[in-house]
Q: 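Following this message is one structure expressed as structure tokens.
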Amino acid sequence: MDMILTLAAQNLLSPIILCFALGVAAALARSDLNFPEAIAKGMSLYLLFAIGFKGGASVAGHGVDGQLIASLVAGVILSALLPLIAFALLRSMTKLSTLDAAAVAAHYGSISIVTFVAGSSILEAQGIEFEGYMVAVAAAMEAPAIVSALWLISRQGEGAKSMDGALMREIMLNGSIVLLVGSFVIGMVTGKDGLSEIAPFISAPFKGVLCLFLLDMGLVAGRGLARAKGAVSGATIAFGLIMPLIGAAIGLLAALVLGLSVGGAALMMVLSASASYIAVPAAMRVALPEANPAVYLTLSLGITFPFNLTLGIPLYVATASAVIGG
Amino acid sequence: MDMILTLAAQNLLSPIILCFALGVAAALARSDLNFPEAIAKGMSLYLLFAIGFKGGASVAGHGVDGQLIASLVAGVILSALLPLIAFALLRSMTKLSTLDAAAVAAHYGSISIVTFVAGSSILEAQGIEFEGYMVAVAAAMEAPAIVSALWLISRQGEGAKSMDGALMREIMLNGSIVLLVGSFVIGMVTGKDGLSEIAPFISAPFKGVLCLFLLDMGLVAGRGLARAKGAVSGATIAFGLIMPLIGAAIGLLAALVLGLSVGGAALMMVLSASASYIAVPAAMRVALPEANPAVYLTLSLGITFPFNLTLGIPLYVATASAVIGG
Amino acid sequence: MDMILTLAAQNLLSPIILCFALGVAAALARSDLNFPEAIAKGMSLYLLFAIGFKGGASVAGHGVDGQLIASLVAGVILSALLPLIAFALLRSMTKLSTLDAAAVAAHYGSISIVTFVAGSSILEAQGIEFEGYMVAVAAAMEAPAIVSALWLISRQGEGAKSMDGALMREIMLNGSIVLLVGSFVIGMVTGKDGLSEIAPFISAPFKGVLCLFLLDMGLVAGRGLARAKGAVSGATIAFGLIMPLIGAAIGLLAALVLGLSVGGAALMMVLSASASYIAVPAAMRVALPEANPAVYLTLSLGITFPFNLTLGIPLYVATASAVIGG
Amino acid sequence: MQMHDAKRIEIMIEQIMERRLTDLLIEAGVKGFSVLPVRGGSGRSGLWSRQGQVGRAEGLSCVVCLIQPDRLDALLEAIFPVLDRHIGVVNIADAKVLRAELF
Amino acid sequence: MQMHDAKRIEIMIEQIMERRLTDLLIEAGVKGFSVLPVRGGSGRSGLWSRQGQVGRAEGLSCVVCLIQPDRLDALLEAIFPVLDRHIGVVNIADAKVLRAELF
Amino acid sequence: MQMHDAKRIEIMIEQIMERRLTDLLIEAGVKGFSVLPVRGGSGRSGLWSRQGQVGRAEGLSCVVCLIQPDRLDALLEAIFPVLDRHIGVVNIADAKVLRAELF
Ligand SMILES: Nc1ncnc2c1ncn2[C@@H]1O[C@H](COP(=O)(O)O)[C@@H](O)[C@H]1O
Ligand SMILES: Nc1ncnc2c1ncn2[C@@H]1O[C@H](COP(=O)(O)O)[C@@H](O)[C@H]1O
Ligand SMILES: Nc1ncnc2c1ncn2[C@@H]1O[C@H](COP(=O)(O)O)[C@@H](O)[C@H]1O
Ligand code: NA
Ligand code: NA
Ligand code: NA
């Protein structure tokens, strides 16, 4: 418990979290501080490329093994499974319609790559190692949740647009998956030599870029919150705080079964606990246009993302340390 | 005197000034060289974040003291006072209307953060230390000048739009103030540890980014000059060269009263001498739409900014060294 | 031969080429991965500034000499000459109209600065030095080819818009020439001191930025290829593979006459072999609007650029080493 | 100069649906269209702006399409599927164009 | 398809005034509008372009608003304050829309 | 409010020709115009989008120009040279403006 508090305090006073808080505060105060869309996109491309490459380069040292494959499979299963739990929870806890509940559920099966990056950055700061292929697991967990949620809807007989081929391709080949997997493979192929060639670009300034990026995320989250006032009920907000804990618990279980290291387990918890706010919302606008974006964006971006960033991650790291490290 | 010449020569041949000159030359030659708006904005966000953070981290070492508070107060007073002097000067020297004179005056009370950054970069290159909180003083000096100028107008009985609440909030919470103050506070809270975490991002490449940024500023200033030909009279241009010297002298006085170091005094001179070309023009478009933007933008961006960058800063540094250092 | 294969293999497995391949693959798979226009432009400004500055700083050490001047003159001549060869080849090999052939020819006389950057980056990785002023030669080679091609057209009596003054200025003062030459001069003036001030910005992260940039170039090339299917005949494609070899051979000849080092000769080959896809297409749209952009863009960007990047450069480096180094 | 009647159709649509819409336009045989960026707006689904946005989900595009008047109805029928369930608005205005054969 | 009369109002206005304009539009009861970026232009206040620009002061936005014809006059009255003293132009055109209830 | 007849001319043109077009407009005596960015489109020369683009060669701009009706023909004659040989389309619509003296 002590460790959790220390970790949480350390985390809350780290530059990256303070930057996020600054963004939220600026947005709530209605400052006109803002990042151009192109810069925000550019920073996210940088972060994806950097973590993909570093993950791949670290795997190059160890080689592909059974645990890697098993972890990928576990990721796919988790992503497909979590929406079912989220959906059941939403239907019992909240008054959301079937459509809205399924749309929200899809978000919680999928992942937030920024939360993952923040998690791995905290692990590094603590000197806790983790499996380099966790970044590939992150990529594997993006899409299955969407399929699950659409299946939920079709089972209810609601008129969801059937998942057409175009949508399927869009989801599987969405930019962030391709960049993450692609740079992971490049990192794996070029290994340590490749990494050392471009480390001054992808390693040294990484944390600073993450600070600015989270400042912008804070602005976005804050503006979303300000606009969404009243869009979600108290029970729905409660879901946004409980679901990550459930996700993290299941993620920990999976990590134990897989035999991951403390760091790997913490990241598996982070992935399971986090909710998508890029890939899944886009897919929902196509497949479930009648579902209300204000609900799912407010929940994933306004509630769960800040929760994970500030309290969740330290909690997951401490738990993983206690359960596995001990 | 010798020192001034040496400093000026050194300054004129530094990469950052040469980059600025390249931009001006390219614009005057009507080259199509240009930086996307998003990139220019991104670089300015980077520079604001970096100097705010570094300032805060340096204060973290020393702690908040009476001098910091006194300097902030002095900054507010200077910003509010300088427009009165500028206005009187303009009314006696030039044929500008009351409205145009007040609008110009507001610019000279406020500050140019890029000039400040260039000044601190020159100090660093010379190994002259300065108070980290000068960046907070810069933030404090942005807005008061606007209030002063609007008061001038209303006193003249001219139909200036009364300063409404929305405008007041926009001015006080404008993006650059919020980012500067916010990153200053984050730097203060996280201190040296925070700085060393992100130094490879905000310190090492800082000067290079400043070069590219000033190249773009040169393009903007050059294009402004080309378009503004004939928009301002000789007397008005003379004002743009005299007023920074008056501002610098008053800034030096304030620095002596405050007991600042050589570097701090030089920066106080730079701030007082510099003229806003972002926050104040925006406020003028809202509050004094009838004032002619060509006049105030040409003066602050086309005359005073290049003057300070090339000759002013070395002059202020040398003077501060002679008066205080000696 | 062995050396060529080794070099080619090394090159194909380097991060920059793999990034390019990732981009092509993503585009062909119709992923929605994409870089904002402003980011792509920003990266190219960075690369131009960095290589210009580094080239200039390296010349500062050696001073301007006859070889520099001679190389510039040689560059101008090569750029003006190569279109004549290309045109003759196209007219005999392909069924392209006079207009299209002349437009394509202009591209092959001019240069691709990204290919040049990739070439110098490969040389650096191999520890092969080269003349710093080669970057100025690159700038000198951008425009003459356009004049040549328009002359070809007017000689054929076809109704090409006569090269007017506005177009001439646009070509000579186009952004990339101005930035390259400008930063070259700044590098020359500020020398080693200037370079060391901004090296953490322009040297350390250079290769990493190049990786991301080539990833984007891959996306662009891949999308261009996908769209251009059927726009060019087999014979035309063959031209896109043969012409760089001819260009490289002539470039090598020039290098021998000039007495360049191995690295300088390799870069002269790279320049002669590469085809423009920015400056020349723009000029063609103005001067020869009836020429089909699909033909010249597909050739220079879709065929010749990838060829040079993957196989061409290692081949040129190996040849230069064999001929001059041996 | 000789001018011909045409219809100018302007469709504000979610960016994520843009490709599906333009595919339908091409299928319906229109000879051309242009896509302009939209930076913000307001409607039944509330106020939005590009600044408060993450990812691709929320932005809008403005698709402008000039066609011959007699093709209007067929075109509207063709694109109805993407307009009906999704956020967006359409307006149609009379316009003149210079060369009828291009539309 | 059933179409209804509407007015298409297009306002080019300084970006810094955009928010004040759209606030007035919302107060005046319009059901929606869209904001498009403007990259450059020319008018009484001279030639400008986004490239020669620092900060927020100079850029323009294009606000497009579709309304029912009978609301036009009230709307123009409502937005007059920001149009009168500030740089910008307005034009109004007849248009058709598909579902009258949305406007 | 008092409204006056005007013509709204909308020209989609290659970005590289934009400056030449606006120079002609100014020569022809128009009092103002606005340039909007275009993100993609389709026409005789095929589908294009800003994403698949290198350099300045391929992009389009949308130039909007409001003029008094009696100046239309002169204006179209004036800009014909850049429209004729280059990629792009023009459409003209009736519009109303508030202050006739500005156009
Ligand atoms: N009356 C209108 N005039 C112009 N644009 C509109 C109008 N109504 C809606 N829009 C645009 O269409 C988007 C979606 O509208 P809605 O589906 O009503 O939420 C808005 O965000 C606006 O960009
Ligand atoms: N006749 C016009 N047609 C289209 N846009 C115009 C016109 N006049 C002015 N504008 C736009 O409105 C802005 C300000 O105009 P002004 O207030 O006349 O300087 C210009 O920069 C243009 O973007
Ligand atoms: N019918 C049309 N409606 C709207 N825009 C068009 C139309 N035809 C062409 N355009 C635009 O003009 C550009 C060039 O057209 P084109 O010269 O036909 O290739 C296209 O890429 C579109 O952006
Ligand atoms: Na999850
Ligand atoms: Na000042
Ligand atoms: Na060449």
Side-chain angles (χ1 to χ4, degrees), chain A residues 9-47 50 118 121-122 124-127 198-216 218-219 222-223, chain B residues 35-50 52-54 56-57 60 165-167 169-206 208-209 278-279 282-283 286:
Chain A
Q10 259 181 28
N11 184 41
L12 289 176
L13 294 180
S14 72
I16 60 177
I17 303 304
L18 290 174
C19 282
F20 180 74
L22 172 59
V24 173
L28 293 181
R30 280 188 294 150
S31 161
D32 70 349
L33 179 59
N34 74 79
F35 283 66
E37 216 186 337
I39 296 295
K41 181 90 190 285
M43 291 193 292
S44 85
L45 291 169
Y46 167 85
L47 295 173
S121 161
I122 287 175
E124 265 170 31
Q126 313 243 334
I198 64 172
F201 177 63
I202 65 172
S203 290
F206 187 82
K207 206 161 204 170
V209 178
L210 185 57
C211 279
L212 273 194
F213 187 74
L214 283 176
L215 177 45
D216 181 49
L219 288 167
R223 274 194 223 108
Chain B
F35 284 66
E37 216 187 337
I39 295 296
K41 181 91 189 285
M43 290 193 291
S44 85
L45 291 169
Y46 167 85
L47 294 174
L48 288 169
F49 177 72
F53 198 103
K54 287 188 278 185
L167 177 59
R169 208 201 37 248
E170 273 174 36
I171 293 170
M172 300 304 300
L173 291 179
N174 94 52
S176 63
I177 294 187
V178 168
L179 183 51
L180 211 51
V181 173
S183 54
F184 180 80
V185 170
I186 296 177
M188 232 166 68
V189 170
T190 60
K192 253 189 206 136
D193 290 352
L195 182 61
S196 71
E197 274 184 60
I198 65 172
F201 177 62
I202 65 172
S203 291
F206 186 83
V209 178
I278 299 185
V286 177

Q: Could you give the distance from OG1 (B/T190) to CG (A/L18), rounded to the nearest 0.5 Å?
A: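 Answer rounded to 0.5 Å: 7.0 Å.
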Q: Does a side-chain heavy-atom distance below 4.5 Å link A/I16 with B/E197?
A: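 No; the side chains remain at least 4.5 Å from each other.
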Q: Once rounded to the nearest 0.5 Å, what's the spacing between atom CG of B/L48 and atom CG of A/L33?
A: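 One gets 9.0 Å once the value is rounded to the nearest 0.5 Å.
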Q: Search all heavy atoms of A/A29 against all heavy atoms of B/R169 and return the closest pair with its distance.
A: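 That closest heavy-atom pairing would be O-CD, 3.8 Å.
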Q: What closest approach, in Å, do B/F201 and A/P205 show between heavy atoms, and which atom pair accounts for it?
A: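 Looks like CB-O, 3.8 Å.
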Q: Nearest 0.5 angstrom please: A/S14 OG to B/D193 CG, how far?
A: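 Going from the OG atom of A/S14 to the CG atom of B/D193 covers 11.5 Å.
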Q: Just wondering, do A/P36 and B/L45 contact through their side chains at under 4.5 Å, heavy atoms?
A: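 SC-SC contact between B/L45 and A/P36 confirmed.
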Q: Please report the C-alpha distance between A/C19 and B/F49 in whole Å, then the side-chain angles of each, then the deciding distance to 0.1 Å, and finally whether the side-chain contact (heavy atoms from CB on, under 4.5 Å) criterion is met.
A: CA-CA 10 Å; A/C19 282; B/F49 177 72; 3.7 Å; yes
Q: Among A/L210, A/L212, A/L13, which residue forms the greatest number of heavy-atom pairs with chain B at distances under 4.5 Å?
A: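 The option with the most such pairs is A/L212.
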Q: Less than 4.5 Å to any heavy atom of chain A: does that hold for the side chain of B/V178, its backbone, both, or neither?
A: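 Both parts, backbone and side chain.
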Q: Once rounded to the nearest 0.5 Å, what's the spacing between atom SG of A/C211 and atom CD1 of B/I202?
A: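 The SG atom of A/C211 sits 8.5 Å away from the CD1 atom of B/I202.
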Q: Of the backbone (N, CA, C, O) and the side chain (C-beta and beyond), which part of B/S183 lies under 4.5 Å from a heavy atom of chain A, both, or neither?
A: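 The backbone, not the side chain.
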Q: Any non-hydrogen side-chain atom of A/D32 less than 4.5 Å from a side-chain atom of B/N174?
A: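 Heavy-atom side-chain distance check passes, below 4.5 Å.
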Q: Return the CG to CG distance between A/N34 and B/L179, rounded to the nearest 0.5 Å.
A: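 The CG atom of A/N34 sits 11.0 Å away from the CG atom of B/L179.
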Q: Looking only at heavy atoms, what is the nearest atom pair of A/A38 and B/A38, with distance?
A: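 Smallest interatomic distance, heavy atoms only, reads CB-CB, 3.9 Å.
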